[in-house]
Amino acid sequence: MTAGPGPVRRRLRAGSPALGAGVPVPGGGFRDFYGNPVPDLPNLGADQGRGK
């Protein structure tokens with residue numbers, strides 16, 4: 001995860017074990033906190049991006 005002030009800097013890094021480690025939630029929404037689409041196999045946490 002990258003660190004910095006505010007939620008904009010709280011993103012998963014490439015290679016993070018949280019990438020693709022989530023469980024789909026029925027009715028959980030189609031976009032994450034940052035506006036990324038939620039994939040079929042989601043990440044853990046609010047960031048559903050591919051990792052930076």
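Quick caveat: nothing in here was measured; it's all calculated off a predicted structure.
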Short side-chain to backbone donor-acceptor contact, Gln48 and Asn43, under 3.5 Å: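 Yes.
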Test item: Asp47 side-chain N/O and Arg11 main-chain N/O as donor-acceptor pair under 3.5 Å: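 Pair absent, no side-chain N/O of Asp47 close to backbone of Arg11.
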Closest contact, heavy atoms only, Gly22 versus Leu41: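 Gly22 and Leu41 have their closest heavy atoms at O-CD1, 3.7 Å.
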Closest non-hydrogen atom pair, Leu19 against Leu12: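 Minimum heavy-atom contact is CD2-CD1, 3.6 Å.
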